[in-house]
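Structure first, then comments.
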Amino acid sequence: MKVYNTLTRTKEEFIPLSNEEVKIYVCGPTVYNFFHIGNARPFVVFDTLRRYMEYSGMKVNFVQNFTDVDDKIINRAKEEGISAAEVGDKYIKEYFDDVQALNVRRATVHPRVSENIPQIIQFVSDLIEKGFAYEVDGDVYFSTRKFQGYGKLSKQDVDELEAGARIMIEEKKQDPLDFALWKARKEPSEVAWESPWGMGRPGWHIECSAMSKRYLGETIDIHAGGVDLTFPHHENEIAQSEAHNGKPFAKYWMHNGYITIDNQKMSKSLGNFFTVRDIRKEYSGEVIRYFLLSGQYRSPINFSKELMEQAKNSLGRMENAKANLEHLIANEEGNLTDEEKIYVAGFDKHVEDFKKAMDDDLNTADGITAVFELINDINNATKNGCSKEFAEKALAQLLELANVLGLLEQSKDDSIDDEVQKLIDERQEARKNKDFARADEIRDILKAKGITLKDTPQGIQIIKE
RNA sequence: GGCGCCAUAGCCAAGCGGUAAGGCAGAAGUCUGCAAAACUUUUACGCCCCAGUUCAAAUCUGGGUGGCGCCUCCA
């Protein structure tokens with residue numbers, strides 16, 4: 001498998017550090033609010049990476065943190081009149097609710113900053129001891145210029161950065177490029193922990209370095225996140241971790257592109273964002289997931305109603321294929337015919353195409369194409385009915401690929417109540433008596449309830465929304 | 001000022017030197033009591049523009065034009 005590595009700006013063959021497991025760390029959310037569709041992209045993309053690696057036979061140790069100690073959380077807590085811990089707990093719960101709808105599997109570990117304070121304090125102390133950090137009035141800063149190679153990920157030149165002069169000048173810092181590892185408490189009500197430098201809390205960047213080390217070790221295979229984290233967040237993580245451990249931090253750095261609105265970056269500060277929670281009111285999580293996977297992960301994707309409709313209709317084609325096969329399985333019998341055997345043998349090509357696409361830096365757009373080509377074959381094979389065995393094999397093949405993408409996983413509730421059953425029976429009776437007006441009327445009534453009836457040669461197929 | 005990305009049909013999107021995948025939307029047809037689903041056919045002599053390299057370029061090089069991003073909390 002090839003992977004685009006931001007560190008080298010090229011696609012590289014992915015070679016795991018160990019044959020036992022692949023170590024992946026993905027920067028997780030700061031839990032002070034519902035996450036938006038832009039935040040959702042890395043969750044879905046790197047979940048797909050993980051699924052594909054597991055499909056390819058690798059064992060993956062996947063760590064994604066929760067940043068539950070942060071200024072925004074503190075502010076939120078003040079606003080809502082609850083503790084910072086309660087804010088964190090609340091939005092972690094909401095995170096899992098949304099992410100479950102998106103078919104994003106739980107990470108191997110979801111560490112929280114608040115549960116890693118001793119490790120962080122140790123990490124910071126070590127950096128001071130090694131001469132990479134210094135304390136001023138209860139704050140601790142990292143000496144950027146002491147770490148050679150600062151800027152290697154984002155390809156920034158230290159002197160150019162300084163010349164940019166867009167960095168907040170803090171009196172306490174020895175150099176404007178230095179960043180906080182530990183922040184002293186400003187007022188007594190703030191969450192804070194005891195430390196060698198007094199009461200305070202960790203800076204943003206140090207958390208990931210400390211948690212990555214604790215849960216995955218000093219050198220990991222892949223560190224991933226959104227492109228906007230490249231600088232300064234990931235650059236700072238490299239500086240901290242490599243200064244501390246004296247060895248490479250991550251072998252591959254993967255960054256997903258933005259979600260845009262009218263071609264502008266979606267962001268909380270611009271206020272042009274849509275939360276997944278809100279989008280879910282109109283589209284299923286799988287539609288959102290399909291939308292996010294419809295382009296290659298490094299390209300920007302524009303978010304719009306029109307594109308969501310396209311995603312919904314496209315996914316609908318996949319769902320129809322699945323539903324039609326399930327209906328055939330329930331109503332047909334028999335084993336593979338000679339003609340069907342040829343079709344089944346042809347499935348392999350689509351699997352190969354799928355793997356080829358996914359091996360090429362997770363080209364999910366092409367992966368989806370392979371699934372549609374499989375569906376075309378299946379539809380052609382079944383247009384005049386098929387054996388039960390064929391339908392079973394076709395469905396298994398379809399789900400094998402779709403599930404790697406995290407699609408077609410949610411089984412719909414197809415139970416119907418007595419009242420609906422009575423209407424369906426009545427419609428059948430009406431059709432038999434050629435009372436098509438009544439039959440169509442009933443179909444419309446059910447349609448209004450979100451139940452679509454299809455009259456197939458294998459009987460009535462009921463589709464619920 | 002520094003670093004970087006992108007430009008393919010009405011819309012989305014692959015392709016990365018060998019003669020334009022796939023999906024949505026649209027049109028016609030088959031099937032059906034009618035629908036739905038499915039199937040068949042159909043929609044880019046051309047891939048932002050101009051040069052160049054090559055037997056061959058959407059794909060490489062140079063120069064434009066237009067859009068976006070990072071350098072500041074941000075996925």
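Naming: A, B, ... by sequence-line order, numbering from 1 per chain. Please read these numbers as outputs of a predicted model, since none were measured by experiment. Below, all heavy atoms of this structure are taken into account, side chains as well, without hydrogens, waters or symmetry copies.
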To the nearest angstrom, how far is Trp253(A) atom CH2 from G4(B) atom C1'?
18 Å
Are His234(A) and His255(A) near enough that their ring centres are under 6.0 Å apart?
yes
Counting only Watson-Crick or G-U wobble pairs whose two distances fall under 3.5 Å, which nucleotide matches C31(B)?
none
Any strand is fair game: report the nucleotide pairing with A58(B) by Watson-Crick or G-U wobble, both distances under 3.5 Å, or none.
none
Ile259(A) has a side chain; which of A75(B), G23(B), G2(B) sits nearest to it?
A75(B)
Evaluate the ring pair (Phe, Tyr, Trp, His ring centres under 6.0 Å) criterion for residues Phe274(A) and His36(A): first the C-alpha distance (whole Å), next the side-chain angles of each, then the deciding distance (0.1 Å), finally the verdict.
CA-CA 5 Å; Phe274(A) 290 83; His36(A) 63 63; 9.7 Å; no
Polar atom pairs (N or O), protein with nucleotides 12-15 of chain B, under 3.5 Å:
| from | atom 1 | to | atom 2 | distance (Å) |
| --- | --- | --- | --- | --- |
| A14(B) | OP1 | Gln296(A) | N | 2.9 |
| A14(B) | O3' | Asn363(A) | ND2 | 3.0 |
| A14(B) | O2' | Asp366(A) | OD1 | 2.2 |
| A14(B) | O2' | Asp366(A) | OD2 | 2.4 |
| G15(B) | OP1 | Asn363(A) | ND2 | 2.9 |

Taking the inter-plane angle between the rings of Phe291(A) and Phe303(A) on a 0 to 90° scale, is it parallel (under 30°), tilted (30 to 60°) or perpendicular (over 60°)?
perpendicular
So Ser314(A), base contact, sugar-phosphate only, or nothing? Heavy-atom distance under 4.0 Å.
sugar-phosphate
Looking for any heavy atom pair under 4.0 Å, which part of the strands does His233(A) touch: base, sugar-phosphate only, or nothing?
nothing
Pick base, sugar-phosphate or nothing for Gly38(A), based on heavy-atom distances below 4.0 Å to the nucleic acid.
base
Separation of Leu374(A) atom CG from G22(B) atom C1', in whole Å?
13 Å
Would you call the rings of Phe249(A) and Trp253(A) parallel, tilted or perpendicular, taking 30° and 60° as the class edges?
tilted
Which pairs, protein N/O on one side and nucleotides 32-35 of chain B N/O on the other, fall under 3.5 Å?
| from | atom 1 | to | atom 2 | distance (Å) |
| --- | --- | --- | --- | --- |
| G33(B) | O6 | Arg431(A) | NE | 3.3 |
| G33(B) | N1 | Asp440(A) | OD1 | 3.1 |
| G33(B) | N2 | Asp440(A) | OD1 | 3.4 |
| G33(B) | N2 | Asp440(A) | OD2 | 2.7 |
| C34(B) | O2 | Arg443(A) | NH2 | 2.6 |
| C34(B) | N3 | Arg443(A) | NH1 | 3.0 |
| C34(B) | N3 | Arg443(A) | NH2 | 3.4 |
| C34(B) | N4 | Asp455(A) | OD2 | 3.1 |
| A35(B) | N6 | Asp455(A) | O | 2.9 |
| A35(B) | N1 | Asp455(A) | N | 3.0 |
| A35(B) | N3 | Arg443(A) | NH1 | 2.9 |

Among C11(B), C24(B), A36(B), the one nearest any side-chain atom of Thr452(A) is A36(B)
Taking only the P atom of each, what is the distance from A44(B) to A21(B) in whole angstrom?
11 Å
What's the CZ-C1' distance between Phe66(A) and A75(B), to the nearest Å?
14 Å
Which one, A75(B), C73(B), A21(B), comes nearest to the side chain of Lys72(A)?
C73(B)
So, are Asp97(A) and Arg277(A) salt-bridged, with charged N and O less than 4.0 Å apart?
yes
Does A25(B) have OP1 or OP2 under 4.0 Å away from a side-chain N or O of Asn313(A)?
yes
Sugar-phosphate only, base, or nothing, as touched by Glu309(A) at under 4.0 Å among non-hydrogen atoms
nothing
Give me the distance, rounded to whole Å, that separates G64(B) from A56(B) when you measure between the P atoms they each carry.
26 Å
Using a 4.0 Å heavy-atom cut-off across all strands, classify Gln264(A) as base, sugar-phosphate, or nothing.
sugar-phosphate
NZ/NE/NH1/NH2 to OD/OE distance under 4.0 Å, Asp361(A) and Lys2(A)
no
Can you tell me if the side-chain N/O atoms of Arg317(A) get under 4.0 Å from OP1 or OP2 in C39(B)?
yes
Counterpart base for A37(B), defined by Watson-Crick or G-U wobble contacts under 3.5 Å
none
Applying the 3.5 Å cut-off to both distances, the Watson-Crick or G-U partner of A44(B) turns out to be none
Tell me whether the side-chain N/O atoms of Asn384(A) come closer than 4.0 Å to OP1 or OP2 in C31(B).
no
Quote, to the nearest angstrom, the P distance that separates G23(B) from G67(B).
33 Å
Please name the residue in the list Arg41(A), Lys268(A), Lys265(A) that meets the salt bridge (charged side-chain N to carboxylate O under 4.0 Å, His left out) test with Asp228(A).
Lys265(A)
Measure the shortest side-chain to side-chain distance between Gln397(A) and Ile378(A) over non-hydrogen atoms and say whether it is less than 4.5 angstrom.
no
May I ask you to say what Gly257(A) touches in the nucleic acid, namely base, sugar-phosphate or nothing, with a heavy-atom cut-off under 4.0 Å?
base
Step through it carefully: locate the ring centre of Phe35(A), locate the ring centre of Tyr95(A), and say whether they are under 6.0 Å apart.
yes
With rounding to the closest Å, how many angstrom separate the C1' atoms on U41(B) and U59(B)?
31 Å
Surrounding CD of Glu333(A) (heavy atoms of other residues, nucleotides or ligands, distance under 6.0 Å), is the total greater than 12?
no
In terms of side-chain heavy atoms of Asn379(A), which of C11(B), A38(B), C24(B) is nearest?
A38(B)
Once you apply a heavy-atom cut-off of 4.0 Å, does Tyr258(A) come out as touching a base, just sugar-phosphate, or nothing?
base
Could you tell me how far apart Ile368(A) (CD1) and C24(B) (C1') are, to the nearest whole angstrom?
13 Å
Could you let me know what G1(B) is paired to, Watson-Crick or G-U wobble, both distances under 3.5 Å, or none if it's on its own?
C71(B)
Expressed in angstrom and rounded to an integer, what is the separation of Asp361(A) atom CG from C5(B) atom C1'?
14 Å
Taking the six-membered ring of Phe436(A) as reference, does the cationic atom of Arg431(A) (NZ for Lys, CZ for Arg) lie under 6.0 Å from its centre and within 45° of its axis?
no
Options A75(B), C24(B), G2(B), nucleotide nearest the side-chain atoms of Asn39(A)
A75(B)
Measuring from the side chain of Glu306(A) (C-beta onward, heavy atoms only), which nucleotide among C71(B), A25(B), C11(B) has the closest atom?
C11(B)
Base-pairing assignment for G10(B) (Watson-Crick or G-U wobble, both under 3.5 Å)
C24(B)
Please list, pair by pair, any protein nitrogen or oxygen found under 3.5 Å from a nitrogen or oxygen in nucleotides 57-60 of chain B.
none

Among C70(B), G23(B), A75(B), which is the nearest nucleotide to the side chain of Gln156(A)?
C70(B)
Identify whether any heavy atom of Lys155(A) sits under 4.0 Å from a base atom; if not, whether one sits that close to sugar-phosphate; answer base, sugar-phosphate or nothing.
sugar-phosphate
Is it true that Glu235(A) and Lys152(A) have a side-chain N and a carboxylate O under 4.0 angstrom from each other?
no
Under a 4.0 Å threshold between the charged nitrogen and the carboxylate oxygen, would Arg427(A) count as salt-bridged to Asp455(A)?
yes
Which whole number of Å gives the distance between the C1' atom of G62(B) and that of C24(B)?
38 Å
With Tyr91(A) as reference, evaluate Phe96(A), Tyr32(A), Phe66(A), Phe34(A) under the ring pair (Phe, Tyr, Trp, His ring centres under 6.0 Å) test and give the passing residue.
Phe34(A)
When all nucleic acid strands are considered with a 4.0 Å heavy-atom cut-off, which category describes Asn380(A): base, sugar-phosphate, or nothing?
sugar-phosphate
Between Tyr252(A) and Phe14(A), what is the ring plane arrangement, given parallel below 30°, perpendicular above 60°, and tilted in between?
tilted
